[in-house]
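Reading through the structure tokens given below for one structure.
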Amino acid sequence: MKDIITFSKDTKDFILSAFGKTTDGEGYVVEANNIKQRVTTSRGEVVRVDELAAIKKGSLIFVKSDLPSLIELTDDLK
Amino acid sequence: MSIWAFILDALSRIFPDKISIFENLQSLISVKNTTINLTINNSGSGPISFDDSKKTLEIVPDKCSLKQQEELKKLLPSIVDKDGALIESASQKTIEGIKKEETTDETEKILSFLKDKVTISDLYIWRAALYLRSIFRAHGNVSELKKEIIEKYGERGRNITNLCSAKYIEEFFIPYYENLKGDDKNDVFKSTYEDVVKNQPFTIFVDIQRKKDDIIKEINAKKSYGMKEINIHGIGSSNIKVVKEVEKYFEEIRDKMPNRIEKKIGNRQYIYKDHISQQRDCVSIFK
């Protein structure tokens, strides 16, 4: 079984900060050093902090928490 | 160096006063080959602790010193780089639920059937729909999940989710394929599958946005296109309410024209009789 490393909702700001990200006034994940630059998923979708499901490797990929994205993530974690 | 050797080495430098935790973990991992979970949350009591019963190492950033927080922030990208992913707890539960559902005999059989018959994109939709169905069966709320599928896959996502919820995979697609004969059975299946998924020729799924009149209009449209059998499905209490209204509409017509419409099979089928051509159209209602 693969190691599971998780974070709770209340640590999202801390987690984002560890990766040089923060949130803008509208709740989107953005670059900490350029808050006009919103972070996107591998499909090019912008990510709201409340829908952030995972951060995975591969030049840092952000994953949204909707069901289809989580099914794709399930495959990636196999 | 394994991921846990790397993590424990780094954490022992960030939390030097908790060395006993890391020694205990080292022994569990290397001697007993135990899987350990690492969770980062702000609801715990200590800066770092190990729950032996859950085999979970918990780090609480809010309870760490600023220096420890900065060290942890430096460590996290390296963990992702080595381990592959850092997952939000609620999403991790969903992932576990998806994995569990996909290893049940029922779902495994369906996915195995679909694997070489539908596109990769459709297979993702079916997987999402099957997970949604499992939540619905466990009396969970599926409206948000359905919305997410429709947002990502549009009308096709909606149609497949509806077909899946009404068991069309087990009760139509699989038996249909098994009864096909000839070398072109895969092509015939793909053509029918595409028609059913795209046009839903013999099904009407009642959803919360549609009223009784919309459903009756759609029944009449499908009948006028020559469909001899139409199934109406309503899943969930608000949809069943609309289905009952549609049923009431048929009852009223039947009262007025008893020779034109008859009721059959557990009171759920309304058969239209055309006395001139002897044709019979059927509307079945499933609640």
Side-chain angles (χ1 to χ4, degrees), chain A residues 1-23 27-33 39-78, chain B residues 2-4 7 29 35-44 56-57 59-62 64 69-70 72-77 79-99 102 124-125 127-129 131-132 135 144-149 151-153 157:
Chain A
M1 192 176 161
K2 199 166 166 51
D3 304 299
I4 298 167
I5 302 173
T6 58
F7 60 93
S8 63
K9 272 192 167 64
D10 59 5
T11 61
K12 278 185 180 177
D13 288 343
F14 177 81
I15 299 294
L16 288 177
S17 168
F19 291 90
K21 316 293 176 203
T22 186
T23 51
Y28 287 96
V29 180
V30 295
E31 297 293 337
N33 58 9
V39 161
T40 56
T41 66
S42 55
R43 289 171 177 259
E45 303 157 309
V46 290
V47 183
R48 289 179 58 87
V49 69
D50 58 3
E51 58 185 10
L52 174 67
I55 300 169
K56 60 177 187 169
K57 75 172 177 183
S59 67
L60 212 57
I61 296 167
F62 286 76
V63 182
K64 288 171 78 168
S65 59
D66 59 88
L67 181 56
S69 299
L70 292 182
I71 287 177
E72 287 177 22
L73 182 61
T74 306
D75 291 349
D76 291 343
L77 296 174
K78 272 177 188 166
Chain B
S2 74
I3 178 68
W4 270 103
I7 291 172
I29 293 159
T35 299
I36 307 293
N37 302 320
L38 170 61
T39 180
I40 301 159
N41 71 63
N42 276 334
S43 57
T56 298
L57 179 64
I59 298 174
V60 183
D62 275 1
C64 294
Q69 287 184 12
E70 288 313 308
L72 284 170
K73 283 180 186 176
K74 284 182 200 159
L75 174 63
L76 289 177
I79 293 177
V80 168
D81 195 45
K82 284 184 189 297
D83 192 59
L86 198 58
I87 305 165
E88 194 268 320
S89 312
S91 296
Q92 175 59 30
K93 279 188 187 156
T94 305
I95 288 169
E96 282 166 15
I98 293 165
K99 283 182 184 168
E102 294 193 347
Y124 272 117
I125 306 175
R127 289 173 66 189
Y131 175 71
L132 179 148
I135 298 295
E144 194 58 33
L145 296 176
K146 191 169 180 182
K147 196 176 133 201
E148 289 169 2
I149 295 172
E151 270 175 14
K152 186 106 30 186
Y153 298 107

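In what follows, chains are A, B, ... by sequence order, proteins preceding strands, each numbered from 1. Everything numeric in this text was worked out from a predicted model, so none of it was measured.
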Contact leader toward chain A among [options], where contacts are heavy-atom pairs under 4.5 Å:
options	value
Glu88(B), Glu151(B), Glu102(B)	Glu88(B)
Lys147(B), Glu144(B), Lys152(B)	Lys152(B)
Ile98(B), Asp62(B), Ile125(B)	Ile98(B)
Gln69(B), Lys73(B), Glu70(B)	Lys73(B)

Taking the side chain as C-beta and beyond, is there a heavy-atom pair between [X] and [Y] under 4.5 Å?
X	Y	value
Ser89(B)	Phe7(A)	no
Leu76(B)	Phe14(A)	yes
Ile87(B)	Leu77(A)	yes

Which answer fits [X], side chain, backbone, both or neither, if we ask what part of it has an atom under 4.5 Å from a heavy atom of chain B?
X	value
Lys64(A)	neither
Glu45(A)	side chain
Leu52(A)	backbone
Leu73(A)	side chain

### Task
Please answer whether the main-chain N or O of Asp10(A) pairs with a side-chain N or O of Asn42(B) as donor and acceptor at a distance below 3.5 Å.
yes
### Query
Counting N and O atoms only, with roles assigned by atom type, does the side chain of Thr6(A) sit under 3.5 Å from a partner on the main chain of Thr39(B), one being a donor and the other an acceptor?
no
### Task
Walk me through it: do Phe19(A) and Leu86(B) pass the test side-chain contact (heavy atoms from CB on, under 4.5 Å)?
CA-CA 11 Å; Phe19(A) 291 90; Leu86(B) 198 58; 3.9 Å; yes
Rounded to the nearest 0.5 Å, what separates atom [atom1] in [X] from atom [atom2] in [Y]?
X	Y	atom1	atom2	answer
Leu60(A)	Asp81(B)	CG	CG	9.5 Å
Asp66(A)	Leu145(B)	CG	CG	10.0 Å
Ile15(A)	Leu72(B)	CD1	CG	9.0 Å

### Query
Do Asp75(A) and Arg127(B) meet the salt-bridge criterion of a basic N to acidic O distance under 4.0 Å?
yes
### Message
Using the rule given for side-chain contact (heavy atoms from CB on, under 4.5 Å), can you reason through Ile149(B) versus Leu67(A), listing the C-alpha separation, both sets of side-chain angles and the distance that settles it, and then say yes or no?
### Response
CA-CA 7 Å; Ile149(B) 295 172; Leu67(A) 181 56; 4.0 Å; yes
#### Entry: Thr74(A) and Lys99(B) side chains, donor-acceptor separation under 3.5 Å
no
## Note on the structure
With chain B, the option among Ser17(A), Ser65(A), Ala18(A), Gly20(A) that has the most non-hydrogen atom pairs under 4.5 Å is Ala18(A)
### Region of Ile79(B) in contact with chain A, defined by heavy-atom distances below 4.5 Å
side chain
